[in-house]
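Here's the structure we're looking at; comments come further down.
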Amino acid sequence: PYPSGEPHIGHLKVYSVGDAIAHFHRRTGRRVLHPMGYDAFGLPAENHAIKSGQHPRESTDLAIREFQRQFRAWGISIDWSREFGTHEPRYYHWTQWIFLQLFNAGLAYRKEAAVKWCPKDQTVLANEQVINGHCERCGSEVEARQLEQWFFRITDYADRLLDDLDRIHWPEYVKTMQRNWIGRSEGAEVTFRCEELGIDYPVFTTRPDTLFGATFFVMAPEHPDVLRLAHGTPHEDEVRHYVDHAITESTEERGDTEKPKTGVFLGRHVTNPVNGARLPMYVADYVLMEYGTGAIMAVPGHDERDFAFAKTYNLPIKRVVGGHDELPYVGDGPIVHSHPEFDGLHNRDAVHKIVEWIDRQGKGHASVNYRLRDWLVSRQRYWGCPIPIVHCDRCGLVPVPEHELPVVLPDITDYAPQGRSPLAAADEWVRVRCPECGAEGRRETDTMDTFVDSSWYFLRYCDATNDDAAWDPAVLRRWMPVDQYIGGVEHAILHLMYARFFTKALTDLGHLDVQEPFERLFTQGMITKDGAKMSKSKGNVVSPQAIVDRYGADTARAYILFIGPPDQDADWSDEGVEGVYKFLGRLWRLCAVTADAIGQDPEPLPGEGLQGDDLALARKAAWAIDRVTDAMAGRFAFNSAIARVMELYNDCSRLRANVAPDTLRFALATAASLLFPFAPHTAADAYHLLTGRRVWEEPWPFPDQSLLERETYELVCQVNGKVRDRVQAATGASEDELVALCLAAPNVQAHVDGKEVVKRVVVPGKLVNLVAR
RNA sequence: GCCCGGGUGGUGGAACGGUAGACACGGGGCCCUCAAAAGGCCCUGUCCGAAAGGGCGUGCGGGUUCGAAUCCCGCCCCGGGCACCA
């Protein structure tokens, strides 16, 4: 968790789910690594500190203590020996080490680029942290700035990040989000030449089959050549005016797809390489500088945006793909009006042929474009991991030698954001000798994005106390990958993409041996109150602390699992909590009075030769074991699992006076044992009362097969698909015998009377369906 | 616009193509109590019927099947993601 403030109901949910899984797997014989740590650097913690007037370190440590206290109160089975915070030097030492590995491999680099700037948080942001033009953290509208910044070369991994999604067991919608974000498009790069200036302009297109339909050419307002092209033409002033206006427009206005298309003629032309056509050049804000080459060929006949533009400016519209629909036509069909070599071909087949053809002439080639950009990792903020680089006038960017790590974040008093890193003011810290030439150098003063810290913490958990290295590769070979990752959807393209990138890069560099960090991902749904997201401003916050104070941790945990399927959103109900509280009380009390009355027995096994209610209750217990195990293994059907335990308890309560003490003890001990992953304190105590044993040291129960099988069962008798009766049938009965039983059932006779049975469907163990006419 | 989820009683939800509504909440009745709380027992989809039983029912309309909440086709509504990406 981010340690800011205190745990909320969402934390209670994730860790209740995680703990249930951890307990279940431990008792099925697995070694379970169930760790805890704090994503302590970054904007949430720092902003919280600024607001409360404390130093970020103080407020972070305070929040961590509160999280620890509550997690212990909840009784989550965490291996505390592996605990750490990402803000501790013993952790970020290795964050810096990883940074240097990436730097040395050319995967971390510095460059000047148009970047996203949050005016409120006073820092640059990664593309992933800009949601619809707004800062992911504070919601402010972001601005564009031209700055030199640090990047990680995640784009080198675009194809692998995309392809390997097929190998991991993640919810399909999360994979889809990542695929969308990576945004791989296959097509071609084709060069259009501006003869007037003698400059070649490559464009990217996914539709090389429509090259013959290009009737004009458009450049983004940010394209560096726009003013140069217009220079000296009668359109120069108009172009300058348009560009000035376009670049001051907000991302939101600019991105509005409903907005009418606007643009200005540049007074120049390019030549279409496939047919020599002279195409007028325009500048228009519907073309984006950050995608492709910042320039496009416009095919109004087969692109809706180009069509709208052509209509507005009376530009020619040409059909080059046949079809019955009106233009613009974006579907498939035969190539027309293009070139004798391609006319008549299906457009999909023509794509490759046209690309080969222009490639042979040196005017273009097949190409792939991605939406994914390199990850901008530097931040102009105080509370983050220092970047272990020294700037030297002579040597350039010099990595801090590994034996000098960690570069410790200095304690400074003025850490408020101010548009450049507050660390720049820590003069003594900044001034340092260049590790290479010894001349006076300056430390890098930007800090790392928090998402860098969290991109490898799962690796550190495996070898958390290693002082000599980030980890021992042999230890990681045993634990990695993470078998089950649990978290919210909000990380779908941020953390979950970055962590995959780190894993692949570190494996490529020889430090790791896995391609994917998280084999299975489970995304839990949100808990709402009265149908709305909980928030302080709405005053509908349910605090886990208050629930635990009132009902105890078991009720809080079991209720949250009982409320519904954990991957779906669920609405909090105070009455529902009450119900689970009463159930736990009933179960515990019956166990206590039973133990009191009949004493403990460490081997709560059902005896031989059970009959009547004893047999029925023992069977119910075996059935519950079978059902709960099924609900846990591979599925996260905790709500159903708890319901099965409730049913077993209900039978115990109903039959308690009719059965032998051993039978009741067995059934109740089974209920407690099955309940343990969801309500560990109650269940462990109840189990101990009955057996004198610790349930967490017991293997997960296994149902007695002979109790799962029965000599007779209730046969459902259907006529024409409708249930008409139910009769007892012997388990091994033949199909003919079952049909006979069915026909003999009184209410079946009433429905087949006077009709002919034309078909008999027999499902042994279940039902007989007679088709009567 | 495109891509994912989801739509089942008063409510949360359960159902390998095979008894729809498990389990729980809420509601009703009763027991215990001087009374209440707590606890216990029973009823609770809907309509017809005294009952036995029957009709109708899983967003809507079709289809496949002996049999569909479940599979297929076409819609509607809710939630989420993506979206001037060439």
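Throughout, protein chains are lettered first and strands after them, A, B, ... in sequence-line order, and every chain is numbered starting at 1.
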- Starting at the 5' end of RNA chain B and moving along, which residue's nearest nucleotide shows up first, A/Tyr173 or A/Arg371?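 Mapping each residue to its closest nucleotide by heavy atoms, the 5'-most match is A/Tyr173.
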- Query: Mapping A/Trp181 and A/Phe204 to their closest nucleotides on RNA chain B, which lands nearer the 5' end?
  - Reply: A/Trp181
Nucleotide of [options] approaching [X] most closely (side-chain heavy atoms):
X        : options             : result
A/Asp285 : B/C82, B/A15, B/C84 : B/C84
A/Met646 : B/C84, B/G53, B/C23 : B/C23
A/Arg586 : B/C41, B/C82, B/G39 : B/G39

Please report the distance separating the [atom1] of [N] from the corresponding atom of [M], rounded so that it comes out in whole Å.
N     : M     : atom1 : answer
B/G59 : B/G12 : P     : 14 Å
B/U44 : B/U11 : C1'   : 14 Å
B/A37 : B/U33 : P     : 15 Å
B/C42 : B/A36 : P     : 22 Å
B/A20 : B/C75 : P     : 31 Å
B/A14 : B/A86 : C1'   : 49 Å
B/U46 : B/G9  : P     : 12 Å
B/G55 : B/G63 : C1'   : 24 Å

Does [X] reach a base, just sugar-phosphate, or nothing at all? Heavy atoms under 4.0 Å.
X        : value
A/Gly292 : nothing
A/Val299 : nothing
A/Arg635 : sugar-phosphate
A/Thr206 : sugar-phosphate
A/Pro171 : nothing
A/Glu172 : nothing
A/Val771 : sugar-phosphate
A/Glu714 : base
A/Val723 : sugar-phosphate
A/Arg726 : base
A/Gln718 : base
A/Lys582 : sugar-phosphate
A/Tyr291 : base

- Query: Around atom NZ of A/Lys259, are there more than 12 heavy atoms of other residues, nucleotides or ligands at under 6.0 Å?
  - Reply: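 Yes, enclosed.
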Between [N] ([atom2]) and [X] ([atom1]): distance, integer Å:
X        : N     : atom1 : atom2 : result
A/Glu222 : B/C84 : CD    : P     : 14 Å
A/Leu655 : B/G40 : CG    : C1'   : 16 Å
A/Arg724 : B/A52 : CZ    : C1'   : 14 Å
A/Asn747 : B/A51 : CG    : P     : 17 Å
A/Glu136 : B/G81 : CD    : P     : 13 Å
A/Glu575 : B/G26 : CD    : C1'   : 8 Å
A/Ile563 : B/G12 : CD1   : P     : 11 Å
A/Lys722 : B/A20 : NZ    : C1'   : 13 Å

- Message: Which label fits A/Tyr201 and A/Phe217: parallel for a plane angle under 30°, tilted from 30 to 60°, or perpendicular past 60°?
- Response: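 Tilted, since the angle between the ring planes falls between 30° and 60°.
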- Plane angle bin for A/His495 and A/His491 - parallel if under 30°, tilted between 30 and 60°, otherwise perpendicular: perpendicular
- Message: Under 4.0 Å between a side-chain nitrogen and a carboxylate oxygen: does that hold for A/Arg179 and A/Glu172?
- Response: yes
- Is a salt bridge present between A/Glu290 and A/Arg373, judged by a nitrogen-to-oxygen distance below 4.0 Å? no
Can you tell me the pairing partner of [N] across any strand shown, Watson-Crick or G-U wobble, with both distances under 3.5 angstrom?
N     : result
B/U46 : B/G55
B/C2  : B/G81
B/A69 : none
B/C41 : B/G29

- Would you kindly check whether a donor in the side chain of A/Asn769 faces an acceptor in the base of B/C66, or vice versa, at under 3.5 angstrom? yes
- Query: Could one point to a donor on the side chain of A/Arg644 or the base of B/A22 with an acceptor on the other under 3.5 Å away?
  - Reply: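 Side chain to base: pair found, below 3.5 Å.
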- Note on the structure: Given the 90°-from-0 boundary between syn and anti, B/G28 should be labelled anti
- Message: I want to know whether A/Tyr551 and A/Tyr581 have ring centres closer than 6.0 Å.
- Response: yes
Between [X] and [N], is there a side-chain N or O to OP1/OP2 distance below 4.0 Å?
X        : N     : result
A/His302 : B/A86 : no
A/Asn650 : B/A24 : yes
A/Ser185 : B/A86 : yes
A/Asn720 : B/G67 : no

- Determine yes or no for a side-chain-to-main-chain donor-acceptor pair under 3.5 angstrom, with A/Asn272 supplying the side chain and A/Leu211 the backbone.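 Yes, A/Asn272 side chain to A/Leu211 backbone: donor-acceptor pair under 3.5 Å.
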- Look only at the side chain of A/Thr210 and the backbone of A/Gly213, and say whether a donor-acceptor pair between them is shorter than 3.5 Å. no
- Shortest non-hydrogen separation from A/Leu376 to A/Leu125 and the atoms involved: CD1-O, 3.7 Å
